[in-house]
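Since the structure is predicted, the reported quantities are computational estimates derived from the model, not experimental observations.
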Amino acid sequence: LPPHRVPVPLHHPLTKVGMPYAAVDPRRIIGIIENNEPDRIKPFTPGDWRSRKIADHVLNFLLGEMWAKRIPKEFLPLQSGVGNVGNAVMAVLGETPDIPPFTMYTEVFQDSLVDLMERGKLMAASTTSLTLTPDALQQVYGNMDFFAPRIVLRPQEISNHPGVVLRLGVIAMNTALEVDIYGNVNSSHVFGTDVMNGVGGSGEFTRNGYLSIYMCPSIAKGGKISSIVPMCPHIDNNEHSVQVVVTEQGLADLRGLGPMQRAGAIIENCAHPAYRDYLHRYLEKARVGHIRHDLETCYELHLNLMEHGTMLPGLDLGNGLE
């Protein structure tokens, strides 16, 4: 217990610490239940062309960082959030020859990683849970001698440990529900009130990773919702920690930029064209300060969505593929 804690001696995703068993006071055990009921994980929605374009933008960014020698030639450990976008990014990285075989220091191990590991592209993975569909889980069980030495399962306080994430230089790649024009990220709550999902370890990885990348489609529900908004009604990760924002429209590298530069980069590179004029107008009429905002209209898009079922009444994108 504090103040007697020492640094976690972990220097590689496969490093093991602690004991190979759990210490439990026998007096607290009242029974042991044997069970072979498998986990039941529903498959994620298959990736579409948007997921692929997001993955391509992330790939090109990481290749540029390698060529600029900001990422070493042996690469750095990756962390990936849950979902079809994360799966698409990992698949693209896995099929790109210019990306060397890599390791992962992450919280969840998804279906896409099973094939990458069998192909030798993913050499090792540290994780907390195997978030695998039944078929993928059986694939692991059927070849346990191969997978067991390459995967370490850790408690969350170690897999998400800020000191370890910082020491390893983890590249954090997570998904967002929405991002505001300055780079604040909402990953969990719709309208700032209704929980869509938990944030998991995204906060620890975002604040302590070597690079922090957030990804999402620029629009949802056929264009009725913009993922780029003036102000997020709920913030899980703030602008001080978010370095890169990516949608299918493009990528905004926010490192070293001031607030107005960040806003311009996000609107021009990440917002859907149907929403860019609105976002530019919002910025122009916002009150001048260290951060420009118009508190009377900062949630206008969300209020429109609640009242009219679309953020921009009258906007019709058809099937949303534009």
Side-chain angles (χ1 to χ4, degrees), residues 53-71 76 78-79 81 85 89 162 165-166 169-187 199 202-219 226-295 297-299 301:
K53 290 205 72 171
I54 291 172
D56 288 341
H57 292 315
V58 173
L59 169 65
N60 291 332
F61 171 75
L62 294 178
L63 288 175
E65 292 295 289
M66 289 181 62
W67 294 330
K69 298 184 179 179
R70 288 188 288 267
I71 294 177
L76 290 170
L78 299 176
Q79 176 262 335
V85 173
V89 170
V165 172
L166 183 65
V170 174
I171 297 174
M173 301 182 294
N174 290 285
T175 54
L177 289 180
E178 59 186 354
V179 182
D180 75 19
I181 56 177
Y182 296 109
N184 297 294
V185 171
N186 173 17
S187 298
V199 295
S202 65
E204 287 80 12
F205 286 103
T206 296
R207 287 187 291 274
N208 300 286
Y210 180 72
L211 287 170
S212 59
I213 302 171
Y214 271 91
M215 309 168 290
C216 60
S218 66
I219 55 174
S226 172
S227 299
I228 307 299
V229 297
M231 183 185 286
C232 291
H234 176 89
I235 295 174
D236 295 296
N237 292 286
N238 66 42
E239 60 184 314
H240 303 297
S241 303
V242 177
Q243 296 176 318
V244 179
V245 175
V246 192
T247 71
E248 82 284 355
Q249 299 294 325
L251 180 146
D253 184 352
L254 307 177
R255 295 174 295 178
L257 301 185
M260 290 297 289
Q261 294 170 311
R262 294 169 71 94
I266 290 173
I267 294 172
E268 284 301 313
N269 295 325
C270 300
H272 191 279
Y275 285 88
R276 285 180 194 160
D277 286 345
Y278 176 91
L279 295 170
H280 278 304
R281 289 196 304 272
Y282 171 85
L283 199 59
E284 290 169 0
K285 68 179 182 180
R287 176 182 177 275
V288 176
H290 293 103
I291 303 292
R292 295 178 67 129
H293 269 306
D294 179 1
L295 297 183
T297 61
C298 61
Y299 295 133
L301 293 181

As an exercise, state the distance from CD of E248 to CD1 of I219, rounded to the nearest 0.5 Å. 6.5 Å
When rounded to the nearest 0.5 angstrom, what is the spacing between CD in Q261 and CG in L254? 10.5 Å
Residue list, side chain to side chain contact (heavy atoms under 4.5 Å, CB included) with Y299, at least two apart or on another chain: M231, P233, H302
Trace of the side chain to side chain contact (heavy atoms under 4.5 Å, CB included) decision for L279 with I266: CA-CA 10 Å; L279 295 170; I266 290 173; over 6 Å; no
Minimum-distance pair of heavy atoms, taken over all atoms of T297 and Y278: O-OH, 3.9 Å
Under the side-chain hydrogen bond (donor to acceptor under 3.5 Å, both in side chains) rule, collect the residues that match up with E204, sequence neighbours excluded. none
What are the two closest non-hydrogen atoms of L257 and A265, and how far apart are they? CD1-CB, 4.3 Å
Is a side-chain donor or acceptor of R292 paired with a backbone partner of E284 at a separation under 3.5 angstrom? yes
Summary of salt bridge (Lys or Arg N to Asp or Glu O under 4.0 Å) pairs that have at least one residue in residues 265-278, sequence neighbours excluded: none
Say you draw a straight line from CG of L78 to CD1 of I213; how long is it, rounded to the nearest 0.5 Å? 8.5 Å
Quick one: pull up OG in S226 and CG in L301 and give me the separation to the nearest 0.5 Å. 6.5 Å
For Y210, check ring pair (Phe, Tyr, Trp, His ring centres under 6.0 Å) against everything at least two apart and list the hits. none
Output for pair (I228 CD1, T247 OG1), nearest 0.5 Å, gives 6.0 Å
Partners passing side-chain hydrogen bond (donor to acceptor under 3.5 Å, both in side chains) against D253 (at least two apart in sequence or in another chain): R255
Between S218 and C270, what is the shortest heavy-atom contact and its length? CB-O, 3.4 Å
Excluding sequence neighbours, so at least two apart, what forms side chain to side chain contact (heavy atoms under 4.5 Å, CB included) with A274? H272, L315, L317
Output a table of donor-acceptor pairs, distance under 3.5 Å, between side-chain atoms of residues 238-246 and any protein atom two or more places apart or on a different chain; print 'none' if there are none.
unit_1	atom_1	unit_2	atom_2	d
N238	OD1	H240	N	3.0
Q243	OE1	S212	N	2.9

side-chain hydrogen bond (donor to acceptor under 3.5 Å, both in side chains) against N269, all qualifying residues, sequence neighbours excluded: none
I'd like to check the side chain to side chain contact (heavy atoms under 4.5 Å, CB included) partners of T175; sequence neighbours left out, ordered by chain and number. V85, M215
Does D236 have any salt bridge (charged side-chain N to carboxylate O under 4.0 Å, His left out) partners at least two apart in sequence or in another chain, and if so, which? none
Could you tell me which residues satisfy side-chain hydrogen bond (donor to acceptor under 3.5 Å, both in side chains) with R70, sequence neighbours excluded, listed by chain and number? E65
Report the C-alpha distance between S187 and Y214 in whole Å, list the side-chain angles of each, state the deciding distance to 0.1 Å, and finish with yes or no for side chain to side chain donor-acceptor pair (under 3.5 Å). CA-CA 10 Å; S187 298; Y214 271 91; 4.6 Å; no
Of all heavy-atom pairs linking G183 and R262, the shortest is CA-NH2, 4.2 Å
What are the two closest heavy atoms between P230 and C298, and how far apart are they? CB-O, 3.7 Å
Taking D294's backbone N and O only, do any of them form a donor-acceptor pair with Y282's side chain (distance below 3.5 Å, no angle check)? yes
Nearest 0.5 Å please: distance from the CE atom of M260 over to the CG atom of L283. 4.0 Å
